[in-house]
Every structure is written in structure tokens, then in C-alpha cells.
Amino acid sequence: MNGAEYSFSEIERKWQSRWDEMGLFNADDSDRREKRYVLCMYPYPSGVLHMGHVINYTIGDVVARYSLLHGFKVLAPMGWDSFGLPAENAAIRTGVHPHRFTEDNIHRMAQQMRRAGWGYDWRREVATSHPDYYRWTQWLFLRFLERDLAFRKSAPVNWCPSCRTVLANEQVKDGGCERCGTAVEQRDMEQWFFRMSAYAQRLLDNHARLEGSWPEPVLKLQKEWIGRSEGARVHFMVAETGDHVPVFTTRPDTLWGVTFMSIAPQHPLVEKLVRGTEHEERVMAAVREMRAASTSEKDIAEREKVGVFTGFHVVNPVNGEQVQLWVANFALMTYGTGAVMAVPAHDQRDFEFARKYGLEIRPVIQSDDGMLDAAAMTEAYVEPGKMVGSGPFDGRRNLDAMADIIGWLADNGLGAAEVNYKLRDWLISRQRYWGAPIPVVYCEACGIVPVPDEDLPVVLPTDVEFSHGAGNPLETSQSFLSTSCPRCGGRARRETDTMDTFVDSSWYFLRYCDPHDEKHVFSSEAAHRWMPVDQYIGGIEHATMHLIYARFFTMVLHDLGLVDFDEPFKRLFCQGMVCKTAYYCPTHKYIPESDVAGGEREGEAIMGGRCKRCGADVTSEMTKISKSKLNIVDPDAMMDRFGADTVRLYMLSDAPPDRMQIWSENGINGAWRTINRLWSLAVEGLEKVAPLGEEPPAVLDEGNREIRRRTHQAIGRVGDAIEGGLQFNTAIARCNELLGLLRARFGEVHPAVLRETLETILKVLSPITPHLCEELWERLGHSASIFTCGWPEADPEVAAEEEIEIPVQVNGKVRARLHVSPDISRAELEQAALNDERVQRYVAGKQVVKVIVVPGRLVNVALKG
RNA sequence: GCCUGGAUAGCUCAAUUGGUUAGAGCACCGAGCCGAGACCUCGGAUGUCGCAGGUUCAAUUCCUGCUCCAGACACCA
């Protein structure tokens, strides 16, 4: 059977415009059916679709179409995270204004998206860089400000002296600016923050409601990020001056083992203490060096512990002892109180520090295996044990005593129970042009004054200069900078900081519900109608950024009375990375596969090849598709060659979608063949198929009964595969099996059975390969779109097996097979097995000890001897 | 270092609550088609279910230990 090749380009275009015309993906507010909100994380409009988008948005489209087939009204919107650095960098490089650069990219990417067959309600498209969007971002900022959830404070930040802007931690590479390479400095600057730390406990508590619906690793990452820890605040005091130095500790049981104290280089007390003393020069020099070091997480982790003795001492409140006060680079001003009691015997950090600087190590928790000897210890002892040298608590088990110790501290006015979180307040200030301006002005008389709601949006000015190293372009706009105070009318200066783009993306899913509202950020009715998102789909890299910010925003909006829920995303799915073999030559670094000569193909990789340019041995690795590894695959080129349906099918057919996907030439070819096999079988079937509406007859031969049986089984199994965790690969495998059976039985298939089977395959496959299935559906005589015709119903009677084979084991070895009805009783099955002559041959003359009967499965006869 | 996944055919993955002969796609081999090749169609072979113990009539599946791989976190007191 060799039909004409499937000509995807016309057919895909045809159906894309057909779906547009019929408004298949238009989400209707007045629709009374039950809703499904299917959302994919919107992209930054880079102008080029990459494979990560392809898998993400294909999964979303399949879920949306599957929901349509199940009769839901579906909201599947798309938009643009269109503020951000790349547009501004392009402006500096090429002189093209960020607005134009962004609009061009949006246009180009939207074209690519349509072409992939992803269905969206484009009437609801939003772009965060449009004034009618960022107006409401600013409006929300003002609500945060009113509630004291937005505030200014001084904070240490990464500062690039060449670009004259702050950088996010992820924009710092190896201690330098990712753009110009200049060494990044740490500076204290006044910045805007959102008070996210106030929501730490709630963010944590709500996890209980997300369990089971969110990937477990995401919840775990968030939990670690929030980092709740329980302990006590303990009041230390500087011996020489009487200054109070509270500390936070999770180990009050080790208070009697404190031998020194570490304090953060940024701690204000340091300067206060040493000023004008003999220690000032020495201490402040060391402090300046510590402060100048990079604040990037990675650098901090790898940095050696260093410190300097301040010359001062603190009094340990539990025993009145005086211990040395040290400035240490690992003490963080942003956690706890900025000061740490040091217990080298029972904390690894303190242990290393004490060994380096020759400070005392004093064990106060004894292991059950014997006494700890401070001089012989090679690492801190952190296991539980018995308290010693600990005043009133001597002899107690440390873990059991913990609560009593905290109670004792409180009773004696030495401290109190305290809970701390790692989660910080969210720094939202950026000294950048291409972001939503923070809507406040600085008045010479009134100070910080919010821009009134009716004056929003604060629009980005156009009279700005973009040049490298000039800092924030907004500061070059006189029209923007100088304004009048809304309160007193006097001279005022506008805030030139813009908001982190994560602010924009913390509420975009709400704007989709009511995208054109000019009076409100969104109407409560619209939010109530569509929210929360039923299925959210995106990369796991957003686990602790976007997904925490969006949850925080939703909670605040709930508290403001704008929405009646406080979790935005009911179910979350994180797709896997798309990977491909990359090749590495010692002289030329990463090289494209086309530059690998010789070698042998082993699986996906060419092993033992040489570099075409220099002849050196080439190594290979399987890694995420990226420009820098020269292993990219261009989705557009693939769609040119194979069409959207083939690319979609391939992306979903190989591995479960939350795992790594491997891109290979063979794989995409295989998907293309599958598409063509289905096409040619269906086209051939058109000549034979029963007329529209004809049901299979009641009486059929065994061959046709089996086809029907497998068809009706496939409906359930495909549905289960998709509902039970978006296992598209197994759904596709079920379809392949059915297709294989139909092909093998094509000669004797009854025309009505053929119609039923073909239509079923098309239906269940249509979310994955929509164009192909629509076309064949139409050719089978249907006038309505396949997506409006409902999911097929499986008839349990047709799907039921008529006869099953039961193996009979004698002492664990299969000796016979019985063909029986699936609903045979246990006793009947046992009798049938024992009566079987082949079984009797083995049983003859021996004693039957036990007969294990598993209905529907097997019979095992255990013999003695 | 810690946590979470994973280890099944040459490759990527499946396999109801433990139960028959462990299945798909790709790759491979053979045949058909063809002037030949490619495409296509049909057919075929292939498994110490990571290792070692344990529980059981029965373990790829459950339990324990170990090995290897991947990813995330990593001075938070």
C-alpha cells in the first residue's frame, strides 16, 4: 500500500486558517460550560523560537485540545515578557529603539507560533512593555506601597562601575559583569524592595495544598529556598562597652560551648566599636577587603573563611564568660541578627575557623561512644548526645532538653524562642530603561510621593540616549526627570529605577482574564470566571524565582480583596530539557557535528571521531541544546522539512515529557514515517470505509471483534496515559499498536469497523497531530471540526476480553495453559487446572501441598517432594 | 557533602495491585517493490531487567545494603 506522500504544508496552512476563522481557541466569557485554564509560561520575545519553546508549547497545546475534546470551555492565552535587558543592549549596540526591536521580535515569534499549530486566543495577547499593561503593574506597585509591602532600604548589591548599574546575581559571571567583564563591586545602595519575607510562613504552609499537583522537586526547592529554621534569640553584650549583640541560633543546647563570636563585615557595630581605637586601622582594612568581595552565591560558597579579631569581647549570658569578638566573612548581615555565636566543637564552619586562627574548641555534647577530645577532633561533632559542662542541663540528652533550654533562657531574661527564614525581601529596583518605571517622585519638600492612580501610566520617555557605560538611560531624559510634586506642586524629581521584569510576570495570568479593561487591573468577575490556572506548564528553572513571586503576588492580591483565592496555579508541569550530542575538540572547543570526521556511530554519538580542521581526537557529550555548544536544532528548519505535526509528534513520542528529550535525525525521520503510514492507511481506507454514521453490526467474526476490542481498549488507555501525568509517549505507543493491528488486518476488516477504528485513532491522536487528523476527519465525511466532536466513548462490553489464557504452574514452572472466560470463579479455575491432563502427569503420585489460584492471572500447584 | 530522580534490547523508553512467552519506536538483518539506489511494505533476531542479600509458592516489581549516572542545593548560624 503506497499512497501519495502526505503534503503537510498546504494541509497545515489550511487548518490553521480554518481554526482562526471558526475561533476554535476563542475563550468566550458567556460560555456556560465548565472552564479549563491551560497556561504555558510566556516567552521573552527574543525573535527566535527554540526547542525549549517547542516542547513547552506543544505540551500546552495538547492539553488545551484534549480539554476541548472533553467539552470544556478552554482559555489558552499567549503573550510576551517583553521588558528586559536584551532589547536595551541591542539599542546600545545598534541604535534601534527597544520598543521597535521588541515589536519586530514579537511579530516574528507570533508567526512561528501560528505555524507550529499552537492554538491561542490571540484576542487576549498581552505584552508587558505596552503602557496599557505596565500601567497596571505600576498601579499594583502603589497598592503594595500603601500597605507598606513596598519600601526602600539600603542593601549590598552587585555594581558594575563600567555599565553604571546594579546587576542581578545571575548577571555576574566569575566575579565580573557578564556584558563587559569589568570586576563587579559590592556597594550599599538605597533600593526598592517588596516585603516578601512577611509571607514566608504562608508560602510554606500553602504547599500542603499543592502537594500531589505540583512536581515534588519544585516544592522541595521552594521549601529549601524559604528555609524556615527554629531556634532562639540570645542576648550577648559587648564586655567593654555594654552594647547589645543579639544572636540567632538553632543550637541553644551548645551555648556553653561558645568560645568566640563572629559578626558580619557589614554590621554597624563593627565600625562603632573600633572607631578611634588602636584596632581601627587593622580591623577596618580587613573589613573593607571583605566587603569588596563579590556577593554572588557561587563565589561565597567557594571562598575561604577569613576573619579579624576586633579587640573587643562579648559576654555569654548563660555563664558570664567573656569571649573574643571576630569579624568573619562568612557571617551574613542579611540573615538572623548579623552576628553568630561560635561553637567550634559542634559546628563545622566554626571548627574550621577556630583551627585556622587558633581559637579554643570546647566540646559540650558527648557522643555515646566516648569522650570527645578537643585536641584530637578532625571535624565538628554534630550528632546528638549528652550535655556536659552545661550548668543546669548537665547530663540531659541535648535534643530532649532543647525546649527546656529555650524556656530557661526566657525565664531568666537571656533570650527567647525565634523562627527565622532564609527567604529575603525581593529587590525589585533596576537602574535600567526597558522596564516599568517605579511610579513615585522625590519632592524637595514632601520626600517620597506616590504618583496618583489617575496619572498612570508613568510612560517611558523617548528622548533618551543609549550608550555603553552611561548608566541608566532614563537619567538622560530631562522631560522625564523633572516634574512637579503631586502633593505640594513644588519641584520634584522622578524615580528613575524601573521594576525587575519578574514583577511583570507575577500577575500576567490575571490580565489574560480581562486583557482590555481600561478601568481596572482586571475585573473580579473575570478573574473568578477563569482562575485559578488549571494546568501551568514551564521549565523547572523558575521553581524559586517566578513561581514564588507569582504565589506571593497572588496572596497579596487576595489580601487586597482583588481575588478570592490565594494560590494561582492548581497543577504545575515542568517539561524536560531538549538535548543533543555536542562535540568537543581540544583546540577548537565545541565544534558542530559536521566537523567530526571518521569514528563510529554508537547510539546518538559519533565515538572516536577527529576534528576536520586539526585532526585532534574529539569527545562527545549529551547536553542541552544551546548556541554555545554548537548543537542547536532550528525548529523552523525542521518544520520546513517535516511539517509541524511531525515535529510535535516526535517531541512527545520518545520519552515522558518531564524527562530529558533527545533530538536525533533518526528519531524525527521515524516520526515522519509514522505520520505517513497513518496517512496512507487512512487514504486507502477511504475507498473501503462504510458511510458516515454506519455502526458496526452486532455479529462479527473473531478478527473484527478483536479490532473493535483493541480500539475500545485504546480509548481508555490513551485517556489514562494523558490524565495520569501527561504521559504522551505511552499514549502514542497505544495508537501505534492499534495502527499496526489495523494494517495487518486491513484485508478482512469490516467497512464499519474500519470507520470506527480510523475515527478513534484520529480522535485520540488529534491533540498531538491536529492538522493531519482534521484533514482525514474531513475526508471521512465530517463537516464539523474534530475538536468540536467530543472524545470517543469506550464501550466496556466491546472492550472486554472474551477469553483469557491462564498459565498453570507446577512448583513454579509453567506446565499448561488454560483458555477460560475472564469471569471464571476461583474454584472452577482450580478444578480446571487440576483436571488438566498435562498437569495431572506432573502431579501423579505426589502430594499436593497447596494450590495458589490468582483469578485472571495464574494457578500454581505446589507439590511435596 | 546533602537531597531527588534514574539504571530493563545496540539507543530512547513501556510494562494494572508481585504472577503467562518483559513490549514499542529507532538502529540492525532478511524478503518484496525497482533498471539500480533511496523511499515504502512485509517479516525476523536480540534481554544475567545495575550488583549482592532478604521476604514469598512466585521478585524486573516489595525490603536492606552497595555501585554507577543525571539533576538540584550547597557557609542561612
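Both backbone and side-chain heavy atoms feed into the values below; hydrogens, waters and symmetry mates do not. Residue numbering restarts at 1 for every chain, and letters A, B, ... go by the order of the sequence lines.
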Query - Rounded distance (nearest 0.5 Å) linking atom CE of A:Met638 with atom CH2 of A:Trp672 - result: 13.5 Å
Query raised in the report: Taking the same atom, C1', in B:C29 and in B:A72, what whole-Å distance lies between them?
Result: 44 Å
Query raised in the report: Can you tell me if A:Gln713 uses its side chain to pair, donor with acceptor, with the backbone of A:Ala799 under 3.5 Å?
Result: yes
Query raised in the report: Using a 3.5 Å cut-off on both pairing distances, which stems of three or more Watson-Crick or G-U pairs include RNA chain B?
Result: B:3-7 with B:67-71, B:10-13 with B:23-26, B:28-32 with B:40-44, B:50-54 with B:62-66
Report task. Return the set of residues passing side-chain hydrogen bond (donor to acceptor under 3.5 Å, both in side chains) with A:Asp253 (not counting sequence neighbours), or none when no residue passes. Result -> A:Arg251, A:Asn398
Requested in this report: Looking only at side-chain atoms of A:Arg743, point me to the closest of B:A24, B:U41, B:A72.
Outcome: B:U41
Query raised in the report: Within 45 degrees of the axis of the six-membered ring of A:Phe746 and under 6.0 Å from its centre: does A:Lys688 put its NZ or CZ there?
Result: yes
Report summary line: Out of B:C3, B:G25, B:C76, minimum distance to the side chain of A:Lys220 belongs to B:C3
Query - Nearest-Å distance once atom C1' is located in both B:U46 and B:G30 - result: 15 Å
Query raised in the report: Is a donor-acceptor pair below 3.5 Å formed from side chain A:Arg228 to base B:C76, judging by atom type as modelled?
Result: no
Query raised in the report: Is the phosphate of B:A74, meaning OP1 or OP2, less than 4.0 Å from a side-chain N or O of A:Arg349?
Result: no
Query raised in the report: Roughly, in whole Å, what's the span from CG in A:Leu858 to P in B:U16?
Result: 16 Å
Query - Distance below 4.0 Å between A:Arg673 side-chain N/O and B:G25 OP1 or OP2 - result: no
**Report entry** Atom-to-atom span, CD1 of A:Ile662 to P of B:C26 - whole angstrom
**Finding:** 17 Å
Report task. Would you indicate what A:Glu216 reaches in the nucleic acid, counting non-hydrogen atoms under 4.0 angstrom: base, sugar-phosphate, or nothing? Result -> sugar-phosphate
Query - Carboxylate-amine/guanidinium proximity below 4.0 Å for A:Lys422 and A:Glu224 - result: no
